[in-house]
Peer 1: 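Input: one structure, supplied below.
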Amino acid sequence: MKNNSLLSHRKEEPENGILYIVGTPIGNLNDISQRALNILNNVSIVACEDTRQTKKLMNKFNISNKLISFNKNNSSFKIPKLVKYLKEGKSIAIVSDAGMPGICDPGEDITRSLKNERIDTICIPGACAAITALVSSGLPSSSFVFEGFLPKKQIDREKILLEISKNEKTTIIYESPKRLKKLLKQLFEFCGGEREIMVARELTKKFEEHIGNNINDVIKFFQDKEIIGEITIVVKGIQKGDLNIDKLTIKKDLKDLTNAGLSLSAASKYLAKKNGIKKSEIYNMI
Ligand code: SAM
């Protein structure tokens, strides 16, 4: 991209033959930028995750433009069509239902395909739930890990949960309200109840809520409630040298080894050696 003159001498937007990845609001429609509105108004085609959703945004700002659907179910056959339009000199905007396309939303595949075709993509930045939650959490934000939605398959999910439990960086997770209680329970098992956390509900909307401070508190808060609305979770990283977490990791390893068929004694002996502690200390942990 560096040696591509298109990016160093920009003309008036939108330009022909360019794909614009346009960030849209995550709830509050007033979060749309002037630049995004100009692009949505003036590109040849707006490719949307769900045309009904984008129509609401367009109506609010009196924009009528050609909308086509572009989502994970049709992207494989829509991408070649969009590439053809771009090569013909049309300009295209990609939008998802909310937030930044490409962040747990369609957008990543087409950007990669266009790179291979040497066609330029320009991002018109907008709201992103992950960043909005991180910044409002008060947790360390200069270095962080974004996990998106955790995998559903247990073995993959536990691997990520273990990584989160050991990571010194803040982690951001997306979750559906239906599955939040299960996730909180798992975070408790892997990180312990004292780990700092913030659950952001309905960011930028009328009933926005930030629920903290630690995993114990948040579990208690949601205990007898039906959870509705959109949820993003921010988990503080482990403090350097936090022994409590080492214990949790050892307990988890012990569970894995015994589940795999090792006797408690053999698993404890192995873990004691691996961690440089006495076998009796492992027994004390359980
Ligand atoms: N592309 C979007 C972005 O940039 O944030 C994310 C799309 S992903 C399919 C949807 C998930 O984002 C939701 O399940 C929720 O975890 C999170 N999310 C979206 N809007 C939110 C909001 N207003 N408040 C809290 N979380 C939100």
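Just so you know, ligand 1 is whichever comes first in the structure, and atom 1 is the first atom listed for that ligand. By convention here, the first residue in the shown sequence is residue 1.
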Peer 1: Is the cationic atom of K81 (NZ for Lys, CZ for Arg) positioned less than 6.0 Å from the six-membered ring centroid of Y85 and within 45 degrees of its normal?
Peer 2: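 So K81 doesn't make the cation-pi contact.
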Peer 1: Report yes if A200 has an N/O atom closer than 3.5 Å to an N/O atom of ligand 1; otherwise report no.
Peer 2: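 In fact, backbone or side chain, A200 has no N or O that close.
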Peer 1: Could you list the atoms of ligand 1 found under 4.0 angstrom from a heavy atom of E202?
Peer 2: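 Listed by number with element, the hits are 23 (N), 24 (N).
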Peer 1: For L264, does the CG atom sit with more than 12 other heavy atoms under 6.0 Å from it, leaving out its own atoms?
Peer 2: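 Yes, the 6.0 Å shell around CG holds more than 12 heavy atoms from other groups.
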Peer 1: Would you check whether L203 has a nitrogen or oxygen atom less than 3.5 angstrom from a nitrogen or oxygen atom of ligand 1?
Peer 2: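 Yes: some nitrogen or oxygen of L203 is under 3.5 Å from one in ligand 1.
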Peer 1: Out of all atoms in ligand 1, which are within 4.0 Å of some heavy atom of A98? Include the element for each.
Peer 2: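 Ligand 1 atoms under the 4.0 Å threshold to A98: 1 (N), 2 (C).
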Peer 1: If you count the non-hydrogen atoms of other residues, nucleotides and ligands that lie under 6.0 Å from NZ in K279, is the total more than 12?
Peer 2: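 Above 12, so yes.
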Peer 1: Going by the atom numbers of ligand 1, which of them fall below 4.0 Å from some non-hydrogen atom of C128?
Peer 2: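 By the 4.0 Å cutoff, the relevant atoms are 4 (O), 5 (O).
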Peer 1: I'd like to check whether G99 has a polar contact with ligand 1, where a contact means an N/O of the residue lying under 3.5 Å from an N/O of the ligand.
Peer 2: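 Looking only at distances, the answer is no, because the N/O contact criterion of under 3.5 Å is not met.
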Peer 1: Note the single closest protein heavy atom to atom 7 (C) of ligand 1, along with its residue, its atom name and the distance in Å.
Peer 2: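 That would be D105 OD2, 3.3 Å.
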Peer 1: For the pair K205 and E230, find out whether any cationic side-chain nitrogen is under 4.0 Å from an anionic carboxylate oxygen.
Peer 2: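 E230 and K205: salt-bridged.
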Peer 1: For K252, is there an ion pair with E158 - N to carboxylate O distance below 4.0 angstrom?
Peer 2: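 K252 and E158: salt-bridged.
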Peer 1: Would you tell me which option among Y174, F146, F149 has the nearest heavy-atom contact to atom 14 (O) of ligand 1?
Peer 2: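 Looking at heavy atoms only, the winner is F149.
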Peer 1: For ligand 1, is there an atom lying under 4.0 Å from some heavy atom of S176?
Peer 2: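 False for this residue.
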Peer 1: Taking only heavy atoms of K205, which atoms of ligand 1 are found under 4.0 Å from at least one of them?
Peer 2: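 What qualifies from ligand 1 is 23 (N).
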Peer 1: Closer than 4.0 Å to some heavy atom of E175 - which atoms of ligand 1 meet that?
Peer 2: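 Listed by number with element: 16 (O).
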Peer 1: Do me a favour and list the nearest non-hydrogen protein atom to atom 18 (N) of ligand 1 with residue, atom name and distance?
Peer 2: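 Result: A129 CB, 3.4 Å.
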Peer 1: With a cut-off of 4.0 Å, which atoms of ligand 1 are near a heavy atom of M100?
Peer 2: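 Checking each atom against M100, I get 1 (N), 3 (C), 4 (O).
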Peer 1: Quick check on contacts: which atoms of ligand 1 are under 4.0 angstrom from a heavy atom of T232?
Peer 2: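 Counting atoms of ligand 1 from 1, those under 4.0 Å from T232 are 16 (O), 17 (C), 18 (N), 25 (C), 26 (N), 27 (C).
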Peer 1: Does E108 pair with K115 as a salt bridge, N-O distance under 4.0 Å?
Peer 2: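 No, this pair does not count.
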Peer 1: Do NZ/NE/NH1/NH2 and the carboxylate oxygens of R35 and E13 come within less than 4.0 Å?
Peer 2: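 Between E13 and R35 there is a salt bridge, with a charged N closer than 4.0 Å to a carboxylate O.
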Peer 1: Starting from atom 25 (C) of ligand 1, locate the nearest protein heavy atom and write down its residue, its atom name and how far away it is, to 0.1 Å.
Peer 2: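 Nearest protein contact, heavy atoms only, for atom 25 (C) of ligand 1 is E230 O, 3.3 Å.
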Peer 1: Look only at the side chain of T204 and the backbone of N28, and say whether a donor-acceptor pair between them is shorter than 3.5 Å.
Peer 2: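 Checked: pair present.
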Peer 1: Might you confirm whether atom CG of N213 has over 12 heavy atoms from other residues, nucleotides or ligands at distances under 6.0 Å?
Peer 2: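 12 or below, so no.
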Peer 1: Is it true that atom CZ of F222 has more than 12 heavy atoms of other residues, nucleotides or ligands lying nearer than 6.0 Å?
Peer 2: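 Check passes, neighbour count above 12.
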Peer 1: Please check whether I103 reaches ligand 1 - meaning an N/O of the residue sits under 3.5 Å from an N/O of the ligand, judged on distance alone.
Peer 2: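 Indeed, backbone or side chain, I103 has an N or O that close.
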Peer 1: I231: heavy atom below 4.0 Å from ligand 1, yes or no?
Peer 2: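 A heavy atom of I231 does come that close to ligand 1.
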Peer 1: Would one find more than 12 heavy atoms of other residues, nucleotides or ligands at under 6.0 Å from atom CZ of F207?
Peer 2: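 Counting other residues, nucleotides and ligands, CZ of F207 stays at 12 neighbours or fewer.
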